[in-house]
Number of protein chains: 2
Amino acid sequence: MTGMTAAPSPASAADRPRLGLRERKKIKTREAIRAATYALIEEQGYDATTIDQIADRAEVSPSTVFRYFPTKEDIVLTDEYDPLILEELRARPADEPWTDSIRYVTQRAVQAGVEEDIKVSRLRSRLVAEVPAVRSRMLESMSVTGRMICQAIAERTGRAPGELEVRVYAMALIGGLMEATLYWAEHGHQDGYAALVDRTLDVLEHGLAGEKR
Amino acid sequence: MTGMTAAPSPASAADRPRLGLRERKKIKTREAIRAATYALIEEQGYDATTIDQIADRAEVSPSTVFRYFPTKEDIVLTDEYDPLILEELRARPADEPWTDSIRYVTQRAVQAGVEEDIKVSRLRSRLVAEVPAVRSRMLESMSVTGRMICQAIAERTGRAPGELEVRVYAMALIGGLMEATLYWAEHGHQDGYAALVDRTLDVLEHGLAGEKR
DNA sequence: GCCTGAAATGAGAGTAGCTCTCAAAACATG
DNA sequence: CATGTTTTGAGAGCTACTCTCATTTCAGGC
């Protein structure tokens with residue numbers, strides 16, 4: 001959801017025999033493409049890295065790269081945690097203030113992403129900060145998550161999910177989290193990402209003047 | 001700033017003789033390209049409209065189109081009011097609460113844009129809602145404005161402009177305004193844009209639960 | 001009016017992201 | 001192992017965008 005969350009981990013030993021050879025190959029290809037992309041970007045930068053080079057190193061054809069990822073930016077950014085996040089949001093106790101629920105779930109997503117692979121998280125945030133196309137794509141993907149958040153807020157507050165106020169709050173949240181990510185990258189990842197997210201949520205809840213909770 | 005603000009009006013009669021032939025031609029070309037773009041988009045939609053077609057109708061070469069606008073999206077979105085907005089923000093009385101200043105200036109920008117050409121404002125917002133590339137470009141351009149707003153907030157509150165909290169607030173504002181624009185377009189421009197912006201700022205100031213001011 | 005330097009334009013080649021099609025290869029299933 | 005389905009590779013094609021260079025168009029002094 002934050003875009004910093006990691007891609008799903010490779011199939012664990014338990015379910016590997018469950019999957020057919022076809023499925024396993026697909027996962028392998030996906031990861032080969034991503035690994036090749038990360039490596040090339042660190043060597044030469046984002047713009048200088050072409051799809052053809054990625055295909056070469058991943059040992060697939062360029063067509064295959066596009067079959068797996070709709071755009072070059074998606075190779076870097078794609079994660080598939082959104083549905084899990086919504087589920088977790090729904091699982092929060094009904095009497096918990098909804099802002100706390102959002103805080104909890106956001107923090108969990110961040111933790112999961114950073115724990116999965118801190119190096120990838122850093123590379124991603126760096127690219128988000130430095131490459132406009134990547135930043136745009138991330139905002140777009142976060143907006144989708146925003147719609148989900150509208151749903152969750154609506155359920156908790158009894159408002160309509162399409163109501164302007166709800167949508168504005170959700171999108172403000174997205175914007176704030178994006179800025180936190182930028183801040184993290186621009187300051188060389190010195191601060192803890194989780195702490196930055198916490199401060200971000202404070203601003204959203206209490207405004208700029210508001211005391212820290 | 002909102003992206004819905006209009007492009008600067010054509011040189012008024014007073015300063016036309018002041019400008020050389022060269023400058024006047026440049027302005028004319030700029031407007032010809034934009035007019036051609038708007039017309040073609042209404043006829044065939046955004047994606048179906050190519051740079052070559054735009055160049056044809058504007059009676060310039062494709063190279064010239066790119067000389068005037070860095071990207072296709074910019075032909076639709078570009079406005080140059082940002083510096084004026086910052087100036088106006090600085091001109092607000094120092095004892096006015098800074099949230100009120102932002103509200104005033106935002107409203108003025110919206111008014112100016114809508115009054116300039118309501119049809120263009122509507123087309124723009126429609127494109128922002130419907131074409132991802134345009135929406136992305138608009139967010140990017142609004143982010144630039146966001147940096148300016150950081151500056152203004154910092155001056156008023158005595159905080160540092162680079163402080164996380166300030167940046168988060170500014171970006172949340174941007175996100176909220178974007179969502180208001182989307183809402184406006186998605187509801188067929190029924191509501192007044194200014195009213196939507198007002199409600200948006202309420203959310204930013206008082207949170208979702210907050211009473212209307 | 002004319003000449004000279006500077007700026008704007010047009011033509012064209014080139015790059016890269018992305019789409020589409022179609023045939024060949026790899027897997028699944030009986 | 002034969003059959004049908006998926007996945008892949010090869011390649012053509014489109015378009016946004018960049019760069020270069022020759023040509024045209026304007027500005028200002030003579």
Side-chain angles (χ1 to χ4, degrees), chain A residues 11 16-34 36-37 40-41 44-78 127 131-138 140-141, chain B residues 11 16-34 36-37 40-41 44-78 127 131-138 140-141:
Chain A
R16 192 169 309 159
R18 280 262 172 229
L19 294 171
L21 177 55
R22 215 153 229 172
E23 310 294 323
R24 269 176 287 153
K25 270 209 163 180
K26 266 163 85 170
I27 292 173
K28 259 187 154 178
T29 304
R30 242 188 127 73
E31 280 169 5
I33 293 173
R34 242 198 292 256
T37 306
L40 283 167
I41 286 179
Q44 347 165 325
Y46 183 85
D47 288 329
T49 301
T50 73
I51 299 287
D52 283 3
Q53 292 175 336
I54 294 171
D56 262 18
R57 183 163 307 194
E59 295 185 296
V60 294
S61 77
S63 343
T64 300
V65 175
F66 283 116
R67 232 186 296 271
Y68 279 80
F69 301 94
T71 73
K72 190 176 154 188
E73 293 86 47
D74 280 295
I75 307 179
V76 175
L77 289 178
T78 309
L127 291 174
V131 184
V134 174
R135 180 168 52 247
S136 290
R137 191 69 194 77
M138 168 144 167
E140 199 64 26
S141 120
Chain B
R16 191 170 309 160
R18 280 265 170 228
L19 293 171
L21 177 55
R22 215 152 227 171
E23 309 295 322
R24 270 177 286 155
K25 269 208 164 178
K26 267 164 86 171
I27 293 173
K28 260 187 151 176
T29 304
R30 239 187 131 73
E31 281 168 6
I33 293 173
R34 241 198 293 255
T37 306
L40 283 166
I41 286 178
Q44 346 167 326
Y46 183 85
D47 288 330
T49 301
T50 72
I51 298 286
D52 283 4
Q53 291 175 338
I54 294 171
D56 261 18
R57 183 162 306 195
E59 295 185 296
V60 294
S61 78
S63 340
T64 300
V65 175
F66 284 116
R67 232 186 294 273
Y68 279 80
F69 301 94
T71 73
K72 190 175 156 189
E73 293 85 46
D74 280 296
I75 307 179
V76 175
L77 289 178
T78 309
L127 290 175
V131 184
V134 174
R135 180 167 51 247
S136 290
R137 192 68 194 75
M138 167 142 167
E140 200 63 26
S141 119

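Just so we're on the same page: letters track the sequence lines, and every chain starts at 1.
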Heavy atoms, side chains only, cut-off 4.5 Å: are B:L127 and B:L77 in contact? no
Please check if atom CD in B:Q44 has more than 12 non-hydrogen atoms from other residues, nucleotides or ligands closer than 6.0 Å. yes
Is there a side-chain contact between A:Y68 and A:R34 (heavy atoms, below 4.5 Å)? no
Tell me the interatomic distance from A:I27, atom CD1, to D:dT7, atom P, rounded to whole angstroms. 12 Å
A:E59 has an atom CD; how far is it from atom C1' of D:dG9, in whole Å? 14 Å
Please report, rounded to the nearest Å, how far the C1' atom of D:dT20 is from the CZ atom of B:R67. 11 Å
For a quick test of reading the model: is some side-chain N or O of A:Y68 closer than 4.0 Å to OP1 or OP2 of D:dT8? yes
Could you check how far CD1 of A:I51 sits from P of D:dG9, rounded to whole Å? 14 Å
Residue pair A:S141 / A:R137, side-chain heavy-atom distance below 4.5 Å: yes
Nearest listed nucleotide, side chain of A:R22, among C:dA8, C:dA16, C:dA28: C:dA28
Testing D:dC17, C:dT9, D:dG9 for proximity to the side chain of A:T64, the answer is D:dG9
For A:R137 and C:dC18, give me the distance from atom CZ to atom P, rounded to whole Å. 10 Å
Taking N and O atoms by type only, does the side chain of B:S63 place a donor or acceptor under 3.5 Å from a partner on the base of C:dA11? yes
Both B:E73 and A:V60 contact DNA chain D. Which one's nearest nucleotide lies toward the 5' end? A:V60
Selected nucleotide, minimal atom distance to A:K26 side chain, candidates D:dA16, D:dT8, D:dT7: D:dT7
Answer yes or no: does a side-chain N or O of A:K72 lie under 4.0 Å from OP1 or OP2 of C:dC18? no
Mind calculating the distance between CG (A:D52) and C1' (D:dA10) to the nearest angstrom? 12 Å
Taking side chain as C-beta onward, heavy atoms only, is B:T78 less than 4.5 Å from B:R30? yes
Rounded to whole angstrom units, what separation is found between the CD atom of A:E23 and the P atom of C:dC27? 13 Å
Distance, rounded to the nearest Å, where B:Q53 contributes CD and D:dT15 contributes P: 8 Å
Check whether any side-chain nitrogen or oxygen of A:K25 sits under 4.0 Å from OP1 or OP2 of C:dA26, and answer yes or no. no
